[in-house]
Amino acid sequence: MCGIIGYVGNRKTTDVLLNGLYALEYRGYDSAGVAISNGKVEKIIKSVGRVNELEKKVDKDNLSDSIFGIAHTRWATNGEANINNAHPHKVGKVTLVHNGIIENADLLKEQLIKDGYKFTSDTDSEVAAALLDQALQTTDVLESIERVTEKLKGSYAFGIMIEGDNNLYALRKDSPLLIGIGDNENFLASDITAIIKYTNKYILLDVKDIAVLNKNSVVIYHDGKEIQKPVQLSDSKGVDNTKNGYAHHMLKEIMEEPIVLSRLIEKYANAEDLAKLDLHDYEELDIVACGSAMYAGLVGQNLFEEYANIKVNVYPASEYRYKKKIYNQKSLVILISQSGETADTIAAMREAHELGIETLGIVNNPDSTIARECDRKILTNAGVEIAVATTKAYILQVCVLSLMTYITAKNKKLLSDNQDYSCFEKLPALLKEVLDHEEEYESIAEKLYKKESCFYIGRGIDYALCMEGSLKLKEVSYLHSEAYQAGELKHGTISLIEEDMPVLCIISDKNLKDKSISNLKETEARGARGIIITTKDLDDFEGYDKIIVPTTSMFTQSMLIVPALQLLSYYVALKRGCDIDKPRNLAKSVTVE
Ligand code: F6R
């Protein structure tokens with residue numbers, strides 16, 4: 001993943017670079033570094049850990065007259081998170097930062113070692129720096145960069161500085177990088193939020209474009225010739241980094257759910273907008289996404305099949321990319337992504353395009369690759385999520401899918417008279433009620449947090465909610481948890497049930513209530529401790545720890561249950577002393593395969 005920023009101009013270079021790195025920390029946060037130059041002397045400063053660790057070093061070691069520089073925040077792929085592997089990497093005359101994975105780095109490195117190069121890191125990025133340094137010995141910069149890219153297999157975004165040359169160079173393939181255009185200053189960045197404080201004008205780079213930046217100009221070359229590229233305007237508001245009095249961004253973002261939901265629901269109360277969500281022309285939908293976004297897709301699958309009579313397949317994008325695809329004329333591929341930059345989801349979208357299949361993106365980031373490239377897009381407009389674990393964006397993904405099902409079913413005349421839009425309009429107030437019961441989630445968290453493992457079980461749509469509840473718990477609290485279809489446990493997994501192991505059973509579908517509760521009882525007969533998450537109208541369960549949410553329509557019920565599970569995960573993580581907003585080993589946006 002990794003975040004890249006570069007700057008050339010009159011501002012204090014380290015301020016721009018560090019501000020940018022803080023905005024890009026969502027892309028990785030295991031080490032960071034900057035390279036700055038005043039045109040004569042270059043300095044590289046690196047640290048392990050978060051950007052604030054780097055800032056402490058930069059403060060002490062500032063090259064105050066620097067006029068340009070590049071910086072990087074890392075999510076380790078090749079080589080562990082240590083100071084040697086942190087970027088920037090310097091080899092000979094070349095200093096660079098890299099995002100992506102160079103798949104043939106080992107082979108290239110072997111040859112470079114034979115040619116006399118010595119390496120100080122385990123990274124593929126240092127190999128690219130050495131290759132460029134080698135090429136520079138026989139030709140000019142542009143030609144050298146072209147020669148290097150011909151040799152590289154894999155994905156990359158590079159920000160490059162070259163000794164004795166006061167330009168910055170930038171290029172990309174399958175990893176994001178844009179060029180920010182300012183007045184007497186220019187930028188490069190993995191995404192616009194890193195530079196939006198300074199400019200909203202940017203240029204997108206295509207494969208084989210090489211951008212050359214100095215204070216007064218940005219020139220783009222393609223195949224050795226200068227080309228013109230359109231300047232785009234972003235309406236991003238940047239990242240609101242404040243926690244608004246909450247202890248964590250995750251908690252703040254959960255608490256924002258009623259407001260962002262009501263914005264979305266008000267928008268689609270307008271018949272013209274709602275009509276844009278109608279999918280009644282399609283016979284089959286493939287929902288393709290990763291992680292929580294895929295679990296939102298599972299909720300959508302249950303709704304579409306149950307209420308709109310449309311067959312839906314849900315695939316993790318990483319699997320979809322490499323599977324045989326069978327389509328008819330009336331198929332649609334739906335890509336769901338908060339960031340719009342998830343590498344596997346982007347690749348899946350491009351595969352579908354190559355096969356001539358129509359795509360629809362449900363995306364939160366309006367400036368993202370998926371938002372730009374999909375045939376049709378629906379923006380969720382949840383605002384920026386800072387906590388690595390998604391909460392409000394997931395809820396809005398589910399809401400869009402639910403609205404799509406509703407209008408499709410309505411237009412197919414599959415709804416009864418009492419199934420109307422009012423369930424959506426009432427949802428934000430009901431959700432506020434759910435979020436108001438923090439002490440209940442805390443008290444269940446108290447019973448969970450010392451455990452080593454737990455299960456979430458449910459059937460049908462409730463299983464889809466189990467998947468999300470279980471993922472949220474393990475990613476933020478590191479408590480091992482598994483989601484299982486309630487009826488499947490006894491086919492093997494029930495052997496894991498031990499005395500006092502928590503089994504959280506989700507029951508929102510009244511048709512499946514008795515079946516799920518029998519499965520819960522099977523685990524209790526083997527020592528498990530049942531915890532029930534259900535709705536007010538279904539609650540007649542005696543002697544259980546319970547989370548009870550208000551009853552609403554099946555179109556909207558999941559959007560009351562999952563927030564309760566999010567809060568439960570939050571409190572378990574809090575009691576376990578975890579780094580809630582930035583869990584270990586993760587990054588917010590997964591831009592590598
Ligand atoms: C979990 C989480 C991830 C993302 C997944 C897809 O809390 O945030 O599972 O849902 O990495 O990311 P996007 O939606 O950006 O494509």
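Computed over heavy atoms, backbone and side chain alike; hydrogens, waters and symmetry mates excluded. Computed from a predicted structure; not experimentally measured. Counting convention: from 1, in listed order, for ligands and their atoms alike.
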**Message:** Within the 4.0 Å heavy-atom shell around A293, which atoms of ligand 1 are there?
**Reply:** 10 (O), 14 (O)
**Request:** May I ask you to identify the nearest protein heavy atom to atom 11 (O) of ligand 1, giving residue, atom name and distance to one decimal place in Å?
**Result:** V590 CG2, 4.1 Å
**Request:** Please report which non-hydrogen protein atom sits nearest to atom 3 (C) of ligand 1, along with the residue it belongs to and the distance in Å to one decimal place.
**Result:** S292 N, 4.0 Å
**Item:** Numbered atoms and elements of ligand 1 in range of G291, under 4.0 angstrom, heavy atoms
**Value:** 9 (O)
**Item:** Per-atom contacts of ligand 1 with E475, taking only distances under 4.0 Å to non-hydrogen atoms
**Value:** 1 (C), 7 (O)
**Message:** Using 30° and 60° as the class boundaries, would you call the ring planes of F455 and Y484 parallel, tilted or perpendicular?
**Reply:** perpendicular
**Prompt:** With a 4.5 Å limit on heavy-atom distance, are the side chains of L427 and L560 in contact?
**Reply:** yes
**Request:** Would you give the length of the straight line joining atom NZ of K153 to atom CD1 of I102, rounded to the nearest 0.5 angstrom?
**Result:** 12.5 Å
**Message:** Check contact between S589 and ligand 1, using heavy atoms of the residue and a distance below 4.0 angstrom.
**Reply:** no
**Item:** Numbered atoms and elements of ligand 1 in range of A389, under 4.0 angstrom, heavy atoms
**Value:** 7 (O)
**Asked** Given T342, V476, I336, which one has a non-hydrogen atom that is nearest to atom 16 (O) of ligand 1?
**Response** T342
**Prompt:** Does atom NZ of K325 have more than 12 heavy-atom neighbours, drawn from other residues, nucleotides or ligands, at distances under 6.0 Å?
**Reply:** yes
**Prompt:** Quick one: which ligand 1 atoms are inside 4.0 Å of a heavy atom on Q338?
**Reply:** 13 (P), 14 (O), 15 (O), 16 (O)
**Message:** I'd like to know if E341 pairs up with R27 as an ion pair, taking the criterion as any Lys NZ or Arg NE/NH1/NH2 lying under 4.0 Å from an Asp or Glu carboxylate oxygen.
**Reply:** no
**Asked** Which ligand 1 atoms does K472 reach within 4.0 Å, using its non-hydrogen atoms?
**Response** 1 (C), 7 (O)
**Request:** Applying ring pair (Phe, Tyr, Trp, His ring centres under 6.0 Å), run through Y268 and F424 and close with a yes or a no.
**Result:** CA-CA 10 Å; Y268 289 106; F424 290 101; 9.8 Å; no
**Request:** Heavy-atom contacts with S339 under 4.0 Å: which atoms of ligand 1 show up? List them by number with element.
**Result:** 13 (P), 15 (O), 16 (O)
**Asked** When you measure from atom 2 (C) of ligand 1 to each heavy atom in I362, L335, T390, V363, which option holds the nearest one?
**Response** T390
**Request:** Starting from atom 6 (C) of ligand 1, find the nearest protein heavy-atom neighbour and note its residue, name and distance.
**Result:** C290 O, 3.3 Å
**Prompt:** Would you say the side chain of L205 lies within less than 4.5 Å of the side chain of L188, judging by non-hydrogen atoms?
**Reply:** no
**Message:** Just checking E452: does its CD atom have more than 12 heavy atoms from other residues, nucleotides or ligands closer to it than 6.0 angstrom?
**Reply:** no
**Message:** One thing to verify: whether D462 and R459 come together as a salt bridge, which I'm taking to mean a side-chain N less than 4.0 angstrom from a carboxylate O.
**Reply:** no
**Asked** Short list, please: which atoms of ligand 1 are under 4.0 Å from a heavy atom of V388?
**Response** 8 (O)
